[in-house]
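First the proteins, then the strands, lettered A, B, ... as listed; each starts at 1.
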There are 2 protein chains.
Amino acid sequence: MPRSQTKKNAILEEATKLFSEHGYWDTSISDISQATGVADGTIFYHFHSKEELFLAVLKNFKEKLISAFSNHLNNHEFETGMDMLEGVISFYLAQANKMEKRFFLLHRHHYYQIAAHNPNCWQQLEEIYSSLIDIFEQAIHIGQQDRSMKTVDASKKAFLIFTLVDGIVRFNTYKLYRADAIYDELIDSCRSMLQSSTN
Amino acid sequence: MPRSQTKKNAILEEATKLFSEHGYWDTSISDISQATGVADGTIFYHFHSKEELFLAVLKNFKEKLISAFSNHLNNHEFETGMDMLEGVISFYLAQANKMEKRFFLLHRHHYYQIAAHNPNCWQQLEEIYSSLIDIFEQAIHIGQQDRSMKTVDASKKAFLIFTLVDGIVRFNTYKLYRADAIYDELIDSCRSMLQSSTN
DNA sequence: TCTTTGACTGAGTGACCATTCAGTTTTTAC
DNA sequence: GTAAAAACTGAATGGTCACTCAGTCAAAGA
């Protein structure tokens, strides 16, 4: 609302766009200031350094991503745990498709490099992944209660399935494999992992 | 053998090490020349630009990785396709563990960014992934012949399993999850995906 | 109206770094 | 042994870019 926040937000928006499209090193402060229509100095007035801005972008992305998932879950009813899982996978893929560029943020290595020496950055990443994996885990718990799934270590299976889905998104954005071509096979595999037991 | 190749190789080795540990942008030509014990100019004598050196590193890595897998497969006999698959997964995880830093190369975004406008780079990446996925696919074909696996679309399943394994390696290197804690669950999941059929 | 505080500006600074090149050394060919 | 070619050197160059700061502008309170 206050004028100051308006500009700060505009900077954050443009920075998100540019960082996710071109990465940290191929985005200069001048690129961002020009895109936003402010002076270079203004960026440093609001954010003390380029890295701080980059981290603010991550935090902002985290909040939006998590709330997108909350909204989706609140507005949908699922018959069974298995349905919920399928719904969540499909929502994840849809989101990745819709804001492909934004998802690049998470697949860029630079955050993980910063995280190695910056606990705050590490925590943001950790929160993103744990809230997403949590959702998968919830679905599995529900599925186990309603007998649509067999008894498994929900936490580990949730991690595996998340990894799988996220990996597919990565290969998709790198154009090495098309996600939509594999969707049915993916759902089928998740079913096998959770429903049946043969050894 | 010729003296020139000796230095060229030394540069390539050091560059591989530094690029994979610190990434493209956090490694300068001077870092590499100092580590190798040559002058900056020598690097440009052998490689025309920093990017060309970076690509040479990828090519070299590709060759070593592929031959490591060939060797492993040639020196091992597997009873069934399922055993082979398990052996390959386990070898992949072991390699990733052994040369963790080198695997960083593949998980750094910069190559994919170059690949977007450089067909040669794209081809290197494509060759790496397709030869790895091919190995998984072979195992599945064998498994289908010896009846240790059900009939599935081998190519798609191979991709899914590769994605899963590679994703686990990524989370492991980022210290967000430990690969060894999930190994049994992973193998178990692959079995479910391939052996049983319930719908 | 005046003043104080916060928001904003953009030219300037200094550090970094890929790349060049004129010159030196080493190797190879004869 | 010598000449030509190849390998190598490192100081110099030019460009980029994060960050600073002295100063301008705007709003809000008195």
Side-chain angles (χ1 to χ4, degrees), chain A residues 1-59 105 108-111 113-114 117-118 120-121, chain B residues 1-58 60 105 108-111 113-114 117-118 120-121:
Chain A
M1 203 95 62
R3 189 158 200 100
S4 72
Q5 292 302 305
T6 307
K7 264 190 182 167
K8 192 175 177 181
N9 279 335
I11 291 168
L12 203 56
E13 285 301 310
E14 288 300 331
T16 303
K17 194 176 157 204
L18 292 170
F19 280 140
S20 45
E21 283 177 23
H22 308 120
Y24 185 78
W25 295 108
D26 280 337
T27 302
S28 68
I29 291 293
S30 304
D31 290 339
I32 300 168
S33 63
Q34 271 177 258
T36 318
V38 299
D40 285 18
T42 310
I43 293 180
F44 289 98
Y45 177 77
H46 289 293
F47 306 93
H48 301 333
S49 68
K50 187 183 176 183
E51 188 171 307
E52 192 178 310
L53 172 57
F54 191 58
L55 292 176
V57 164
L58 178 63
K59 194 172 177 209
L105 277 177
R108 288 186 182 284
H109 193 277
H110 197 61
Y111 279 123
Q113 202 155 351
I114 295 176
H117 61 80
N118 179 330
N120 174 43
C121 180
Chain B
M1 198 95 63
R3 189 156 201 102
S4 70
Q5 292 302 305
T6 308
K7 262 188 182 167
K8 191 174 177 181
N9 279 334
I11 291 168
L12 202 57
E13 285 301 309
E14 288 300 331
T16 303
K17 193 177 157 202
L18 292 171
F19 280 141
S20 45
E21 283 176 24
H22 308 118
Y24 184 78
W25 294 108
D26 279 337
T27 302
S28 69
I29 291 293
S30 304
D31 290 339
I32 299 169
S33 61
Q34 271 176 257
T36 318
V38 299
D40 285 18
T42 311
I43 293 179
F44 288 96
Y45 177 76
H46 289 294
F47 306 93
H48 300 335
S49 69
K50 188 183 177 185
E51 188 171 305
E52 192 178 309
L53 172 57
F54 191 58
L55 291 177
V57 164
L58 178 63
N60 192 249
L105 276 177
R108 288 186 180 285
H109 194 278
H110 196 59
Y111 279 122
Q113 201 155 352
I114 294 176
H117 61 80
N118 179 331
N120 174 44
C121 179

Candidates C:dC8, D:dG10, C:dG10 - which lies nearest the side chain of A:K7: C:dC8
Proximity to DNA chain D (any heavy atom under 4.0 Å), residues of residues 23-37 of chain A only: A:T27, A:S28, A:I29
Side-chain heavy-atom pair A:L12, A:L53 within 4.5 angstrom cut-off: yes
Note, A:D26 side chain near B:Q113 side chain (heavy atom, < 4.5 Å): yes
A:H48 NE2 to D:dT20 C1', straight-line distance once rounded to whole Å: 14 Å
B:T16/B:N60 under side-chain hydrogen bond (donor to acceptor under 3.5 Å, both in side chains): CA gap, chis, key distance, verdict: CA-CA 9 Å; B:T16 303; B:N60 192 249; 4.7 Å; no
For atom NZ of A:K8 and atom C1' of C:dG6, their distance in whole Å: 14 Å
Rounded distance in Å - CZ (B:F44) to C1' (D:dA12): 14 Å
Ring-face cation contact, B:F47 with B:K8, 6.0 Å cut, 45° max: yes
Nearest-angstrom distance from the residue atom OH of A:Y45 to C1' of D:dG23: 15 Å
Aromatic plane relationship, B:F54 with B:F19 - under 30° parallel, 30 to 60° tilted, over 60° perpendicular: perpendicular
Between C1' of C:dA15 and NZ of A:K50, the distance in whole Å: 15 Å
Whole-Å gap separating P (D:dC8) and CD1 (B:I11): 7 Å
B:K7 NZ/CZ over B:Y45 ring centroid, <6.0 Å and within 45° of normal: no
Whole-Å gap separating P (D:dT9) and NE2 (B:H46): 9 Å
Distance, rounded to the nearest Å, where A:I43 contributes CD1 and C:dG10 contributes P: 12 Å
